[in-house]
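Beneath this line is the structure, given in structure tokens, with notes to follow.
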Amino acid sequence: MNYKRRMAAAAAVMMVGAAMVMALAASAAAPLVTFVFGDSLTEVGNNNYLQLSLAKSDYPHYGIDFDAAKPTGRFTNGRTIGDIISAKLGIPPPPPYLSLSPTDDAIFRGVNYASGGAGILNDTGLYFIERLSLDDQIDKFERTKLQMRAKIGDEAANKLCNEAVYFIGIGSNDYVNNFLQPFLADGQQFTHEEFLELLVSTLAEQLMRLYQLGARKMIFHGLGPLGCIPSQRMKSSHGQCLNQVNQWVQHFNDKVKQLITTLNSHLPSSKMIFADTYQPVLHLIDNPSTYGFKVSNTSCCKVEAKLGGLCLPNSKLCDNRNDYVFWDAFHPSDAANVVLANHFFNIMFPNSTH
């Protein structure tokens, strides 16, 4: 399938999500409530509260282009895609769960549970010592709902959870910090087909659990072309994308798409959506100049792969951060997040004036 056809197919899937979210936004008397689950691409500071976690970005140069030019726990130089979409919706980005007290009324406006290093599998990112796996994040959401019920009662808590939108973006670390690591067990004991089956069956149980807790409108963001991120290019002889990794990612996306179709057909009132991010991200990487960038094959921050690929305080930065698609070895720059957020927002909210 060529690029235009793939984009049309992705747009068709996301248009269904647009109708769902637009209907919710139009019917809700209160501002949209969003709950975010994921990894470092959507984290806003949870790992800062995990004392032993090695997956943190609470040091320079992270946040250099954010408010007050200070690190906030976001794994980029500025905003995440979620921050940008929240601003377009006119709502504040949901705060990190671990920053809230048990009695904080902020839970009624949405919460971010995402954690750098997290995966679908509980053993993913094990060498980061502390991180919130997707199971852990769902545990935290269950606690959030209990807090809601204690404050406003079962009926109101259920209504809020049924009407909220759930953004879920996870799975990258299950590859980058698990299956693709030669010193970890999963990559040694499983073929990719076996590993993929484990991932998807585990995810199915997790989505079912969210549904049982009241989630109805879930948007799962598929994986981008992981074979083209700087940390993977470093493994090739000439800095090219790793095609095998990209093929595996596409198999994962296809399986999750099928899973969501099956769940929607069996679960009453379920409106799960698969948002295909693969082609838009690949097009940005393959055609950076089309979007105003100059470099997409390496990162603005000169990272050391042997030290984890993050931007360290003594790392050298590029002269113009807006020229680079990638900030460090794994994460897009603020400028790239703007492009991607605008793309997704325009598909999901085609009639918006934002």
Side-chain angles (χ1 to χ4, degrees), residues 20-21 24 28 30-50 53 73 80 82 85-86 91-122 124-125 130-171 173-174 202-221 256 259-260 263 267 269-273 275:
M20 177 266 285
V21 180
L24 173 61
L32 195 65
V33 175
T34 59
F35 295 102
V36 180
F37 300 80
D39 51 31
S40 56
L41 291 173
T42 48
E43 188 191 337
V44 293
N46 276 309
N47 285 11
N48 289 353
Y49 297 87
L50 300 176
S53 179
T80 67
I85 289 177
S86 291
I91 58 175
Y97 171 83
L98 294 179
S99 72
L100 302 174
S101 71
T103 59
D104 200 322
D105 284 345
I107 60 173
F108 297 110
R109 298 185 293 276
V111 181
N112 185 311
Y113 303 92
S115 173
I120 294 168
L121 304 180
N122 288 325
T124 288
E130 281 190 306
R131 72 276 178 239
L132 302 177
S133 68
L134 184 53
D135 276 338
D136 293 330
Q137 294 176 39
I138 298 171
D139 287 344
K140 305 299 185 190
F141 174 67
E142 185 171 16
R143 291 185 196 175
T144 299
K145 188 170 183 184
L146 287 173
Q147 292 163 8
M148 290 179 179
R149 291 169 62 187
K151 281 176 172 279
I152 62 176
D154 287 356
E155 185 177 349
N158 286 334
K159 184 175 186 295
L160 187 151
C161 291
N162 289 166
E163 293 182 348
V165 176
Y166 299 75
F167 291 96
I168 307 164
I170 201 160
N173 286 313
D174 293 291
T202 304
L203 180 62
E205 294 174 0
Q206 292 162 334
L207 294 177
M208 275 293 300
R209 190 173 164 212
L210 279 171
Y211 175 87
Q212 290 162 357
L213 289 169
R216 296 293 180 269
K217 301 170 175 68
M218 293 182 255
I219 300 175
F220 189 95
H221 290 266
V256 176
L259 168 64
I260 287 175
L263 290 175
L267 300 175
S269 303
S270 173
K271 295 184 176 72
M272 297 185 198
I273 299 297

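Not measured: the values here are computed from a predicted model.
- Judged as a side-chain contact (heavy atoms from CB on, under 4.5 Å), and not counting sequence neighbours, the contacts of Asn112 are Val36, Val44, Asn46, Pro94, Ala114.
- Rounding to the nearest 0.5 Å gives a distance of 10.0 Å between CD1 of Ile138 and CD of Glu205.
- Annotation for Asn47 and Ser115: closest pair OD1-OG, 2.6 Å, computed over non-hydrogen atoms.
- Leu146 is linked by a side-chain contact (heavy atoms from CB on, under 4.5 Å) to Arg149, counting only residues two or more places apart in sequence or in another chain.
- Here side-chain hydrogen bond (donor to acceptor under 3.5 Å, both in side chains) pairs that include residues 31-41, with residues two or more places apart or in two chains, are Ser40-His331.
- Considering CG of Leu50 and CG of Asn48, their distance stands at 8.5 Å, rounded to 0.5 Å.
- Using a 4.5 Å heavy-atom cutoff, the side chains of Val33 and Glu163 are not in contact.
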**Asked** Between Leu263 and Tyr211, does a side chain to side chain contact (heavy atoms under 4.5 Å, CB included) hold up when you go through it step by step?
**Response** CA-CA 10 Å; Leu263 290 175; Tyr211 175 87; over 6 Å; no

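- Applying the salt bridge (Lys or Arg N to Asp or Glu O under 4.0 Å) criterion to Glu142, with sequence neighbours excluded, gives Arg209.
- With sequence neighbours left out, Asn162 forms a side-chain contact (heavy atoms from CB on, under 4.5 Å) with Arg216.
- Considering only residues two or more places apart in sequence or on other chains, Ser270 meets the side chain to side chain donor-acceptor pair (under 3.5 Å) condition with Asn264.
- Lys145 meets the side chain to side chain donor-acceptor pair (under 3.5 Å) test with Asn158; sequence neighbours excluded.
- Residues satisfying the ring pair (Phe, Tyr, Trp, His ring centres under 6.0 Å) test with Tyr97, not counting sequence neighbours, are Tyr113.
- Inter-residue side-chain proximity for Thr42 and Phe167 is flagged as unmet; no heavy-atom pair is nearer than 4.5 Å.
- Remark: Thr124 pairs with Leu121, Asn173, Asp174, Asn178 by the side-chain contact (heavy atoms from CB on, under 4.5 Å) rule, at least two apart or across chains.
- Expressed to the nearest 0.5 Å, how far CE of Met208 lies from CG of Leu267 amounts to 5.0 Å.
- Here Ile152 contributes atom CD1 and Gln147 contributes atom CD; the two are 11.5 Å apart, rounded to the nearest 0.5 Å.
- With Lys151 contributing its side chain and Ala157 its backbone, the two residues share no donor-acceptor pair below 3.5 Å.
- Taking the side chain as every heavy atom from C-beta outward, Ile168 and Leu207 approach each other to under 4.5 Å.
- Other residues, nucleotides and ligands contribute only 12 or fewer heavy atoms inside 6.0 Å of the CD atom of Glu155.
- Across all their heavy atoms, Pro96 and Gly45 have their closest contact at CB-C, 4.0 Å.
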**Asked** Between Leu203 and Phe220, does a side chain to side chain contact (heavy atoms under 4.5 Å, CB included) hold up when you go through it step by step?
**Response** CA-CA 11 Å; Leu203 180 62; Phe220 189 95; 3.8 Å; yes

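- Residues meeting the side chain to side chain donor-acceptor pair (under 3.5 Å) test with Asp104, sequence neighbours left out: none.
- Here the side chains of His221 and Leu41 are not in contact, with every heavy-atom distance at 4.5 Å or above.
- Atoms CG and CE, from Leu210 and Met272 in turn, are 8.0 Å apart once rounded to the nearest 0.5 Å.
- Taking Gln206 as the reference, Asp135 meet the side chain to side chain donor-acceptor pair (under 3.5 Å) condition, with sequence neighbours excluded.
- Formation of a donor-acceptor pair under 3.5 Å by the Gln137 side chain with backbone atoms of Gly38 is found in this model.
- Relative ring orientation between Phe37 and Tyr166 is described as parallel, the plane-to-plane angle staying below 30° on a 0-90° scale split at 30° and 60°.
- Nearest heavy-atom pair across Ala106 and Pro95 is CB-CG, 4.5 Å.
- Residue Cys161 comes nearest to Met148 through the heavy atom pair SG-SD, 4.0 Å, listed as atom of the first residue, atom of the second, then distance.
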